[in-house]
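Inspection log for the structure reproduced underneath, given as structure tokens.
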Amino acid sequence: MAYWLLKTEPGSYGWDELIREHETEWTGVRNHAAAAHLRAMAVGDRALIYHSGAQKAAVGIASVVRSARPEDVAPWVSVKIAADAPLARPVTLAAMKADPALRGMAMLRQARLSVSPVSGDEWAAIIAKA
């Protein structure tokens, strides 16, 4: 199992919508590196849902329920995710940046990527903060 971080703007599509719908097609990723991460996702992988914009915090956990498939616009792909559970407490960007265990986290090194990998140790550190 691998771990990921999926960024979303809560005004467009946020955790609350995912909870209401339970599953969604994660579409609209238009960056080659982020799309490569979508292609690497497998059924059963876990993902942190991260609200960008004003909140800047990881707020929930989802699972990949269908691996990548082509979108209508080549070369882009999407995956299907399902809501698992909200984090007991959101883990803010400031808290992530302050944690030495997260120093090498891809999201902190490449802040503009909307999809990024999370190591097992990074996942555990974020879950412990929540």
Side-chain angles (χ1 to χ4, degrees):
M1 174 180 12
Y3 301 104
W4 306 93
L5 184 138
L6 301 173
K7 283 187 183 178
T8 185
E9 182 68 48
S12 298
Y13 189 89
W15 177 252
D16 291 341
E17 286 84 8
L18 180 56
I19 289 291
R20 261 193 311 277
E21 296 174 1
H22 182 65
E23 291 185 347
T24 194
E25 193 73 23
W26 203 261
T27 61
V29 173
R30 298 296 186 260
N31 172 285
H32 289 285
H37 295 316
L38 287 178
R39 285 185 197 90
M41 290 180 176
V43 172
D45 285 358
R46 309 287 300 281
L48 290 165
I49 303 300
Y50 178 91
H51 281 172
S52 58
Q55 189 175 13
K56 291 183 176 64
V59 296
I61 299 172
S63 292
V64 177
V65 295
R66 199 210 63 249
S67 58
R69 74 172 184 195
E71 282 194 38
D72 292 338
V73 180
W76 309 117
V77 297
S78 65
V79 297
K80 184 175 269 191
I81 62 168
D84 285 345
L87 294 178
R89 281 182 311 217
V91 180
T92 66
L93 177 60
M96 290 179 198
K97 286 182 174 181
D99 188 336
L102 301 176
R103 186 173 332 158
M105 191 172 176
M107 196 255 320
L108 299 178
R109 289 184 290 109
Q110 296 177 300
R112 295 187 52 90
L113 276 184
S114 61
V115 180
S116 59
V118 176
S119 74
D121 289 342
E122 292 164 348
W123 181 271
I126 290 171
I127 297 305
K129 288 183 173 312

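None of the values given here were measured: they were computed from a predicted structure. Side-chain atoms are counted along with the backbone in the values below, which use heavy atoms only and exclude waters and symmetry mates.
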Just wondering, do [Y] and [X] contact through their side chains at under 4.5 Å, heavy atoms?
X	Y	answer
Glu17	Thr24	no
Leu6	Ile49	yes
Ile126	Met105	yes
Trp15	Gln55	no
Trp123	Ile61	yes
Leu5	Glu122	no
Met41	Val115	yes

Legend entry - Expected output: side-chain Arg89 to main-chain Lys129 donor-acceptor under 3.5 Å: yes
Legend entry - Polar side-chain atom of Thr8 near backbone of His51 as donor-acceptor pair, under 3.5 Å: no
Inset, instruction - Could you grab the distance from atom OH of Tyr3 to atom CD1 of Ile127, nearest 0.5 Å is fine? - result: 8.5 Å
Inset, instruction - With rounding to the nearest 0.5 Å, note down the distance linking CG in Leu102 to CG in Leu93. - result: 10.5 Å
Does [X] share a hydrophobic cluster with [Y], counting links as ILVMFWY side-chain heavy atoms below 4.5 Å and allowing steps through other members?
X	Y	value
Leu48	Met96	yes
Trp26	Ile19	yes
Val64	Leu38	yes

Inset, instruction - May I ask you to check whether over 12 heavy atoms, not counting those of Arg39, lie within 6.0 Å of atom CZ? - result: yes
Legend entry - Side-chain H-bond candidate by donor/acceptor type, Glu71 with Thr27, under 3.5 Å: no
Inset, instruction - Using the ring-ring contact (aromatic ring centres under 6.0 Å, His included) rule, collect all pairs that involve residues 75-98, keeping only residues at least two apart or in two chains. - result: His32-Trp76
Inset, instruction - Let me see the working for Arg69 and Glu25 under salt bridge (Lys or Arg N to Asp or Glu O under 4.0 Å), right down to the final yes or no. - result: CA-CA 10 Å; Arg69 74 172 184 195; Glu25 193 73 23; 3.7 Å; yes
